[in-house]
Amino acid sequence: MNSKTKFIFVTGGVTSSLGKGIVASSLANLLQARGFSVTIQKFDPYINIDPGTLNPYEHGECYVTDDGAETDLDLGHYERFLDCSTSQANNITTGRIYQSVINKERRGDYLGKTVQVIPHITDEIKYRMKLLAESGRYDIVITEIGGTVGDIEALPYIEAVRQLKWELGEGCLSIHLTLVPYLKATGELKTKPTQHSVKTLQESGVQPDILVCRAEQSLGSEIKRKLANFCNVQPDSVIESLDATTIYDVPVLLRLQKLDEVVLKKIGLPIIGEPDMNRWNDFLDRHKNPKTKVEIGLIGKYVELKDSYKSITEALIHAGANCRTGVDIRWIHSENLTRENAFEALKNLHGVIVAPGFGSRGLEGKIEAVKIAREQGVPFLGICFGMQASVIEYSRNVLNVSDANSREVDPNTKNAVIDLMEDQKKVIKKGGTMRLGACNCELKNGSKSYELYGKKIISERHRHRFEFNNSYLERLEKSGMKATGVNPETGLVEIVEIPSHPWFIGVQFHPEYKSTVVNPHPLFVSFIKASLIHKNS
Ligand code: GLN
C-alpha cells in the first residue's frame, strides 16, 4: 500500500438523506482543486451484491461505471464533481463483503477457524477500504459509509473505521455529518440530536475529528462552541452546511469555512495557496445567470421519484450552463400518455427526452411521445429504452409494421425490432448479467453524432439486455432512420438518427453517466442548442 495515502471517513447521523455523498464530493473537489489526487468510495450496508437488482423507487438511479459496475447514485456525484471515472472498487456492499468471506471459507482459507464478524468481516472491510490506495495513484481516499450511525447493519463498518484510525494514526480522519434542526415554535437551533449521534459513534470507539452540520440557518459561534464542547472537537472543526440553491455551491460554501484547510492540517498535508476554483466558478456563474431558458419534457415511468433520473437531470444542468441556458424540466409520466392526450401533454416543449426503463409499463406512452417529437420536428433524445421506443415507433408508423415491438415487452411478437441476442438467451440469473459498462462505438461520416463528438470512435456506457435487431436495418435505413453509430466488434447498432428531422438521436447507451461539471456531454450540449433553436423558430 502507498503508505503516504491519507484516509478520510465520512459517516452520517440523526437521519438519512443529509447528503453525505455531496459533502464527500465537495470536499474531494476542494482537495483536488489544491492539486491533490483524490478518489471517493462508498460502502453500502445492504446485502444486495449491488443496487442493480434494486427498484429505482427503493434506491434511485443505478449508476454504471466504465468497468461495468452497477453502483449507488452517489458514484455519479463523485464523477461529476471530480471529472474522473470510478470503478467496481469504488462501491462495496455488505453482500459483496460476505460473498467474498464465504468464498474464502469454502476454499479453506480459514481452515480450522470459526469465521466471525470480527475479525473476518471487519478484516475484509478494512482490506477493501485500503484497496484503492494500493495503486499509489491517490494522495487521499475518501470513504463514505452508507446509512446512519446506530444502524445495526452499519456496525461492522464503524468497527473497521475504529480499527483503521488506530492502525493508521495521523493519516486517518473521521468526519461526521449530522442535522441541527430548527424548531419554529421556540425559534431555536437544537444541538441535542447531534450530541446523541456523536455519543453513539463514540460508544463504538470512534471520535469524529470534524462535524459537518446540515442546518436551515447559520449556526453562529455560540452553537458551534457548544457543539465543539459537547462533542470533543475543536471549534474550527464544526462546519455548517446550509441548504444550498444548487449542490454545486457546496464546495464553495465549505471552502468559505476553510474545511479543506482544517482537513489538510489534521492529516498532515501541506496547505499551499488557494484551491484553483476557476473552472468551477465559471460553471456556477453560467448556471446561475442564464441568458435564456428552455423547457424539456422528460418522459419516464419513475417521475414521482426524481432521483431515478439523477444523471440525466444533472447532465441537462451541465449542458444548460455550457449554453448559458436554464433548463426547466416538465416531468411526464409515460403511463398516462395516450394517442389522444400526447399532443397536449407535450405542447410547447422545446425538446423531448424519452428516458431509460425496463418492462412493459409505460412503453406505449413513450412511443406516443416519440411520435409527437418526430412528427412535430421537436428535438428528440432517446436514451436506451427511449432509443428502443424510437425504433419501435418508426417501424410501426413509418414502415407500417403495426405489431413491431421489443421482445422484452411481447415475447411472442412476429416483429421484434428490438430483440434478445444469442448470448443473452442463455442468461438466467438477473444480477450483473446485462450488457454493462463501456463499449466502443464507431460513428458514420457525415452523421450528426460524428459532427458533435468530433471523432470516429467513442466509448460510452451501457446497461441493457435487448438490442436493435439488424434484420430490420436495411428497411429502416431505406425509409429514413439511419444507424449512425455501430459497435465495431459486434456490429450492434448503438445510435439511430433521422437526418431529415432537425435533431433526432436515439442512443442505446447512457451518455448521461459521462457528463461532468467541467466536461458537459456533447450530446446533451447539442440537444440544448437544438432546443434553443426550436424555441426561437
Ligand atoms: N429494458 C431495455 C433493455 O434491457 C432498456 C434498458 C434501459 O433503458 N436501461 O434492453
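Order of listing sets the numbers, starting from 1, for every ligand and every atom in it. Just so it is clear, the structure is predicted and the values come from calculations on it, not from any experiment.
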Trainee: Checking Thr338 against Asn341: is there a side-chain donor and acceptor pair closer than 3.5 Å?
Mentor: yes
Trainee: One thing to verify: whether Lys529 and Glu451 come together as a salt bridge, which I'm taking to mean a side-chain N less than 4.0 angstrom from a carboxylate O.
Mentor: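 Between Lys529 and Glu451 there is no salt bridge, as every charged N stays at least 4.0 Å from the carboxylate O atoms.
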Trainee: Is the closest side-chain donor-acceptor distance between Arg407 and Gln424 under 3.5 Å?
Mentor: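 Side chains of Arg407 and Gln424: no pair found under 3.5 Å.
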Trainee: Answer yes when Glu408 and Arg465 have at least one side-chain N-carboxylate O distance shorter than 4.0 Å, and no when they do not.
Mentor: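 No, Glu408 and Arg465 are not salt-bridged.
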Trainee: Residues in side chain to side chain donor-acceptor pair (under 3.5 Å) with Asn397, at least two apart?
Mentor: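 For Asn397 the side chain to side chain donor-acceptor pair (under 3.5 Å) partners, ignoring immediate neighbours, are Glu393.
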Trainee: Ring centroid separation for His521 and Phe527, is it under 6.0 angstrom?
Mentor: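 So the answer is no for these two rings.
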Trainee: Using a 4.0 angstrom limit on heavy atoms, which residues are close to ligand 1?
Mentor: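 If the criterion is a heavy atom under 4.0 Å, then ligand 1 touches Pro356, Gly357, Phe358, Cys384, Phe385, Gln388, Glu408, Arg463, His464, Arg465, Phe466, His510.
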